[in-house]
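Okay, so here's the structure we're looking at.
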Amino acid sequence: AQKVTQAQTEISVVEKEDVTLDCVYETRDTTYYLFWYKQPPSGELVFLIRRNSFDEQNEISGRYSWNFQKSTSSFNFTITASQVVDSAVYFCALSQEGGHQTGANNLFFGTGTRLTVIP
Amino acid sequence: DAGVIQSPRHEVTEMGQEVTLRCKPISGHDYLFWYRQTMMRGLELLIYFNNNVPIDDSGMPEDRFSAKMPNASFSTLKIQPSEPRDSAVYFCASSRQMRGTFESETQYFGPGTRLLVL
């Protein structure tokens, strides 16, 4: 069974601070995909990143960086020098390979972490 | 390019009424997904289509829910009759198919339809 755990329900930081959002996942598959999505107050879901389970390289995109560690089944997300516009709910998600098998292509979402950046 | 388009953005209806939610996927995408977001259950997949064919509807809550995809550019999710517990945000997402597989690539979400059943 697939499971994504985001233990941090809410985080508040002061603008310009760095913040790390934790994501721990469970899967029996050897090939899977990990994602982060952002849900700002307006409600839409915005794609941030997708990683293949075979690619453990960390990634940096501007102020965003992601640390993927298969040994600890974690895919953490760090925002550097946070800004008020980063305030949102962030979701980590997992999907498995498997073509048209039941459950494949399904995004299993964590419960989300609400980040508030205080000016 | 336009993203996933959903309509209506907000819907308020009374218990027992029929509700139809609409989705236009990104042009060229092969997969279409319907998700529901509630406080109690979070984000959960209801059904998805590949090339207009329903593949996995195991997440559809009950027979009151039905979904169709008559062509590559349009899908509907219908609830009949609606109940207060159906109140949620319903998201549509679409994605390309990975070449040579039946796997979807990154799913891109629409803005959602916020449904309130009184």
Side-chain angles (χ1 to χ4, degrees), chain A residues 1-10 23 25 27 29-55 59 61 66 88-114, chain B residues 2-6 8-10 23 26 29-51 53-60 88-116:
Chain A
Q2 330 300 321
K3 185 178 179 182
V4 176
T5 301
Q6 295 180 257
Q8 304 152 309
T9 305
E10 295 190 27
C23 173
Y25 63 91
T27 179
D29 295 318
T30 55
T31 301
Y32 50 91
Y33 306 92
L34 295 165
F35 304 79
W36 277 94
Y37 284 85
K38 173 183 179 179
Q39 188 171 38
S42 50
E44 72 271 27
L45 279 164
V46 179
F47 165 73
L48 296 178
I49 189 171
R50 167 192 169 108
R51 291 311 278 217
N52 181 306
S53 56
F54 293 114
D55 183 2
E59 182 157 338
S61 176
W66 291 269
V89 180
Y90 290 86
F91 291 95
C92 181
L94 166 75
S95 73
Q96 62 186 79
E97 69 163 350
H100 285 178
Q101 296 176 31
T102 297
N105 294 319
N106 181 2
L107 275 174
F108 293 90
F109 284 89
T111 51
T113 297
R114 181 178 298 278
Chain B
V4 176
I5 298 172
Q6 291 186 247
R9 294 294 307 277
H10 302 272
C23 175
I26 295 172
H29 280 193
D30 311 286
Y31 282 88
L32 185 140
F33 304 80
W34 284 100
Y35 288 85
R36 179 172 67 175
Q37 184 178 33
T38 61
M39 288 295 293
M40 291 297 295
R41 299 173 66 90
L43 278 154
E44 52 183 349
L45 178 69
L46 299 178
I47 185 172
Y48 79 86
F49 297 82
N50 179 214
N51 294 323
V53 176
I55 301 300
D56 184 354
D57 64 355
S58 58
M60 294 286 263
V89 180
Y90 291 82
F91 286 102
C92 177
S94 71
S95 67
R96 294 188 188 278
Q97 182 165 338
M98 275 193 219
R99 193 182 297 275
T101 76
F102 287 112
E103 294 178 22
S104 83
E105 296 187 351
T106 297
Q107 296 179 30
Y108 294 92
F109 285 76
T113 294
R114 188 174 296 274
L115 173 65
L116 178 60

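Lettering of chains follows the sequences in order, A, B, ..., and the numbering in each one begins at 1.
Summarising the geometry, atom CD1 belonging to A:I49 is positioned 10.0 Å from atom OG1 belonging to B:T106; distances are rounded to the nearest 0.5 Å. Distance check, rounded to the nearest 0.5 Å: OH of A:Y37 to CZ of B:F109 gives 5.0 Å. Here CZ of B:R41 is found 15.0 Å from CZ of A:F109. Values are rounded to the nearest 0.5 Å.
A side-chain contact (heavy atoms from CB on, under 4.5 Å) with B:Q107 holds for exactly one of A:L107, A:N106, A:L45; it is A:L107.
Residue A:R51 places its CZ atom among more than 12 non-hydrogen atoms of other residues, nucleotides or ligands, all under 6.0 Å distant.
When all heavy atoms of A:F91 and B:Q37 are compared, the closest pair comes out as CZ-NE2, 3.5 Å. Of all heavy-atom pairs spanning A:E44 and B:F91, the tightest one is CA-CE2, 4.4 Å.
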